[in-house]
Amino acid sequence: MIISILGIRGILLNRRNIPIMSMPIESMLLAVNSNFLVFSVSSDDMMGQSFASLVPTVAAAESAIGLAIFVITFRVRGTIAVEFINSIQG
């Protein structure tokens, strides 16, 4: 619970740089993973442990997509500062 609260606080307070904003997301995934493991052990069920093995896969995919977005944004805009990216249109 504490790790997820720190992750939400990190996202809300660090809005200057995109890679710094993605680090609290990883800490929230760690909190979810530890919750899966703790509840799985306490309820004697293997389902939480199987879900906990999928969380690093999701984290790796999220990191790869985020890194691709960072590189494209830096090539187009010349910066990855959040203040200058708010005009992105799709």
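Because only heavy atoms are used, hydrogens play no part in the values below, and waters and symmetry mates are left out as well, while side chains stay in.
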[atom1]-[atom2] distance between [X] and [Y], expressed to the nearest 0.5 angstrom:
{"X": "Ile2", "Y": "Ser27", "atom1": "CD1", "atom2": "OG", "answer": "12.5 Å"}
{"X": "Asn33", "Y": "Leu54", "atom1": "CG", "atom2": "CG", "answer": "9.5 Å"}
{"X": "Asn35", "Y": "Leu30", "atom1": "CG", "atom2": "CG", "answer": "9.5 Å"}

CG of Leu12: more than 12 outside heavy atoms within 6.0 angstrom?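 Counting other residues, nucleotides and ligands, CG of Leu12 exceeds 12 neighbours.
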
Take atom CZ of Phe39 as the centre, draw a 6.0 Å sphere, and report whether it contains more than 12 heavy atoms from other residues, nucleotides or ligands.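 Atom CZ in Phe39 is not packed in, count stays at 12 or less.
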
Between Ile3 and Met28, does a side-chain contact (heavy atoms from CB on, under 4.5 Å) hold up when you go through it step by step? CA-CA 6 Å; Ile3 297 174; Met28 288 192 306; over 6 Å; no

Tell me, do Arg9 and Pro24 make a side-chain contact under 4.5 Å, heavy atoms counted? no

If you compare all heavy atoms of Val55 against all heavy atoms of Leu29, which two are closest, and at what distance to 0.1 Å?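 In terms of heavy atoms, the two residues are closest at CG1-O, 3.7 Å.
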
Looking only at heavy atoms, which two atoms of Gly48 and Phe36 are closest? And how far apart?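 Looking at all heavy atoms of both residues, the closest pair is O-CB, 3.5 Å.
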
Ile69 and side-chain contact (heavy atoms from CB on, under 4.5 Å): which partner among Ile65, Leu67, Ile72? Ile65

Is the side chain of Ser40 donor-acceptor paired with the backbone N or O of Asp45 at a distance under 3.5 Å, no angle test? yes

